[in-house]
Amino acid sequence: MTAPAPSGDNSVPALLARNVAQHGNKAAYREKEFGIWQSWTWAEAAEEIDALAAGFLTLGANVGDHIAITGRNRPALYWAMVAAQKAGCVPVPLYADAAAEEIAYALEHCGARFVVAGDQEQVDKIADIRDQLHELDHVIYLDGRGLRKYDHTHMTSYADLQQAGRNANQMAEIEKRTAALGPDDKCVMLYTSGTTGRPKGVVLSNTNVIETSKNSAEFDHLRPGDEVLAYLPMAWVGDFIFSIGQAMWTGFCVNCPESAETMHTDLREIGPTYFFAPPRVFEQQLTNVMIRMEDAGRFKKWLFDKYMAVGRKIGPRILDGEPVSGMERFQYRLADWLVIGPLKNTLGLSRVRVGYTAGEAIGPEIFDFYRALGINLKQLYGQTEATVFITQQPDGEVRSDTVGVPSPGVELKIAENGEVFYRSPGVFVEYYKNAESTASTKDAEGWVATGDAGFIEEGTGHLRIIDRAKDVGKMASGALFAPKYVENKLKFYPDILEAVVFGADREYCTAFVNIDLTAVGNWAERNNIAYSSYQELSQHPRVLDTIEAHVAEVNKSVAADEMLAGCQVHRFLVLHKELDADDGEMTRTRKVRRRIVEEKFDDLIAALYGGQSEIYTETEVTYEDGRKGKITATLAIRDAAVVNAGKVAAE
């Protein structure tokens, strides 16, 4: 076990005070607004936080109250979380893109008395469900555009509340409540993605957050001069640790983009040194690069291919500290000057010293591409209940097929059924108002069930994740069924955005596929294929031919694994719509809700197993404004080439 944090640093507000003393005039937060970057030092941020904390007291905030925060990533909303803690309250960040009914469940479940809303969109969602919220007293809004004529009886602007706090004589009470914060007190409550049902409120203590932040920061040698881009949902545990926990522990600067649409531009301008992105972001960046290279001239394309080959051969070896000859170093420097350096600059990753991806498996080709650029991209494995970190990849031990070794202070064990268990300083306190689920997830000795099946490699100590334990089953033949293994292989292709494989207790496997509209749309444009909608493009014969070829290639790869050879996809269809969180088919963190998909598209599954060549279907969809509608389509069903496992083994 690692040494605990110093006794004086037992809360986030205590770390803030330390940073003001040590780094007072250094940049703590930046935000781009109207195209201009604005900065706040640690001392300035602390003053903003104190004013808001005092403002909460003027509204009657009591110790232990829950204060919900919802909106896009902005310094003021991060300050609201710390201000809530200074007032003795518990911050509860919510997903900005959550539907009104999802917001209603979380607010009523946690009994939030106050909501800090980013803008009119968030205020409107709360107004729509106001009669369902029996504990809600007041809404504080940050951006007042469009709200001038709203009833302000129970609503106040963020700036006005801060001014009320500055005018009130509340600092003695704020200091008293801050000083009373202990290591076991609640630091934050974060809701799980709700893959299998209603989201659970995960309570994390000050010890959970601070010890995990300390250990992970020391593991990767994070330092005050580092820069991060805060663009992932604030309700996600990773963003809370990166943008609050680690930022407070190390004193690095948190940068907030102007909007989701400008994120990549803002990424290039900031040039973060510490960067996290889910595989989907890295996949999208690579897809965009390959699309542009397809449109490039012959010489540029030749230059790219030649020097990326050099990068793939030499780049990862340099990162891992392996011996590299002088000639190879010269070749890599030339590649860096001609191709790799400009490409990294375009991607906004020129200064990345530590990069992480997690949440889903990342394709080996994608992983190797970024490592070839000299980007120290690594994988980690974590959960909300672990305060993120369970395993991490140390420098020099980076591989695409594992998720690393136990993070500092973490113990691992594998149950007889293959499920991964862990114990660490980051283990959550409880599921709020759900003692039954808490007891079934965490035992008396502090071991937590991850719900994932995996194994620890002998010799290296690296953890390999196979699939969700509940999704691993048997086929009718008794062969092992692990859908995630096949789905991840399918999603490695840029044309495929999402895949869902079925086969438990059945004779063979089938699959739904979502195409990636950006990649396939660009391909269609280059090949003069006209289409008017996602639905039309998804059913184009040449698109189906391409997906069929991808499935056949995946089947060959799956057949090479004797244990999972039975998971080859025999039949598939391309869905007429993207799986969407607003339709309940995915979580807000882009995880497939498998049970809901099976229920919603049961007619399509029946057609896949019924031998039909096509199926007419009607599907309810939710539009951006919340209205419901229906789309209809006739979907083609294709058979895929299946490989004899024995033949592959013989080859």
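Keep in mind it's a predicted model, so treat the numbers as computed, not measured.
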Less than 4.5 Å apart, side chain to side chain, heavy atoms only: is that true for [X] and [Y]?
X: Glu385; Y: Tyr422; result: yes
X: Tyr95; Y: Thr70; result: no
X: Pro278; Y: Leu232; result: yes
X: Pro257; Y: His264; result: no
X: Leu380; Y: Val403; result: no
X: Glu498; Y: Met586; result: yes
X: Lys186; Y: Val429; result: no
X: Leu204; Y: Val202; result: yes

Minimal non-hydrogen separation, [X] against [Y], with atom names:
X: Ala230; Y: Asn73; value: O-CB, 3.2 Å
X: Cys253; Y: Glu227; value: CB-OE1, 3.5 Å
X: Leu480; Y: Met563; value: CB-O, 3.7 Å
X: Gln246; Y: Ser216; value: NE2-OG, 2.8 Å
X: Asn208; Y: Phe428; value: OD1-CA, 3.9 Å
X: Gln285; Y: Tyr370; value: CB-OH, 3.2 Å

Is a salt bridge present between [X] and [Y], judged by a nitrogen-to-oxygen distance below 4.0 Å?
X: Glu218; Y: Arg223; answer: no
X: Glu487; Y: Lys491; answer: no
X: Lys378; Y: Asp220; answer: yes

| said: Quick one, Val405 with Leu463, criterion side chain to side chain contact (heavy atoms under 4.5 Å, CB included). Give me CA distance, side-chain angles, the key distance, then yes/no. | reply: CA-CA 6 Å; Val405 299; Leu463 177 66; over 6 Å; no
| message | Is there a side chain to side chain contact (heavy atoms under 4.5 Å, CB included) between Lys200 and Ser437? Walk through the geometry before answering. | response | CA-CA 9 Å; Lys200 303 183 188 75; Ser437 290; 3.6 Å; yes
Results of side-chain hydrogen bond (donor to acceptor under 3.5 Å, both in side chains) for [X] - residues two or more places apart only:
X: Thr273; result: Asp226
X: Asp452; result: Tyr381, Arg468
X: Arg280; result: Glu283, Gln284, Asp516

| field | Aromatic Trp42 / basic Arg18 pairing, under 6.0 angstrom, 45° off normal | value | no
[atom1] of [X] to [atom2] of [Y]: how many Å apart, nearest 0.5 Å?
X: Asn215; Y: Gln392; atom1: CG; atom2: CD; answer: 9.0 Å
X: Glu585; Y: Arg594; atom1: CD; atom2: CZ; answer: 14.0 Å
X: Leu347; Y: Leu267; atom1: CG; atom2: CG; answer: 8.5 Å
X: Ile244; Y: Met81; atom1: CD1; atom2: CE; answer: 5.5 Å
X: Cys110; Y: Lys433; atom1: SG; atom2: NZ; answer: 7.5 Å
X: Thr250; Y: Leu15; atom1: OG1; atom2: CG; answer: 10.0 Å

| message | Determine whether Tyr432 and His66 satisfy the following criterion, ring pair (Phe, Tyr, Trp, His ring centres under 6.0 Å), listing intermediate values before the conclusion. | response | CA-CA 12 Å; Tyr432 189 64; His66 288 134; 5.1 Å; yes
| task | Test Glu598 against Val500 for side chain to side chain contact (heavy atoms under 4.5 Å, CB included), laying out the working first. | result | CA-CA 9 Å; Glu598 289 177 354; Val500 187; over 6 Å; no
| Looking just at side-chain N and O atoms, do Tyr431 and Glu436 make a donor-acceptor pair shorter than 3.5 Å? | no
| message | Any donor-acceptor pair under 3.5 Å linking the side-chain atoms of Asn255 with those of Asp266? | response | no
Donor-acceptor pair, [X] side chain versus [Y] backbone, under 3.5 Å?
X: Asp443; Y: Trp447; result: yes
X: Ser205; Y: Asp185; result: no
X: Asn417; Y: Glu419; result: yes
X: Thr391; Y: Pro406; result: no
X: Arg351; Y: Gly271; result: yes
X: Gln22; Y: Asn19; result: no
X: Gln393; Y: Gln379; result: yes
X: Ser407; Y: Val410; result: no
X: Glu430; Y: Ala435; result: no
X: Arg423; Y: Glu445; result: yes

Do the rings of [X] and [Y] sit parallel, tilted or perpendicular, given the 30° and 60° boundaries?
X: Trp79; Y: Tyr29; result: perpendicular
X: Phe242; Y: Phe276; result: tilted
X: His109; Y: Tyr105; result: parallel

| CD of Glu322: more than 12 outside heavy atoms within 6.0 angstrom? | yes
| field | Heavy atoms of other groups near Lys313 NZ, more than 12 under 6.0 Å | value | no
| query | Step by step, would you call Val82 with Tyr78 a side chain to side chain contact (heavy atoms under 4.5 Å, CB included)? | reply | CA-CA 7 Å; Val82 184; Tyr78 288 115; over 6 Å; no
| field | Check: Phe512 ring centroid to Phe502 ring centroid under 6.0 Å | value | yes
| Ser557 and Lys489: side-chain hydrogen bond (donor to acceptor under 3.5 Å, both in side chains), yes or no, with the steps? | CA-CA 9 Å; Ser557 173; Lys489 284 183 175 291; 2.8 Å; yes
| message | Working note: Tyr191 + Trp236, criterion ring pair (Phe, Tyr, Trp, His ring centres under 6.0 Å); need CA distance, chi angles, decisive distance, verdict. | response | CA-CA 8 Å; Tyr191 279 90; Trp236 178 58; over 10 Å; no
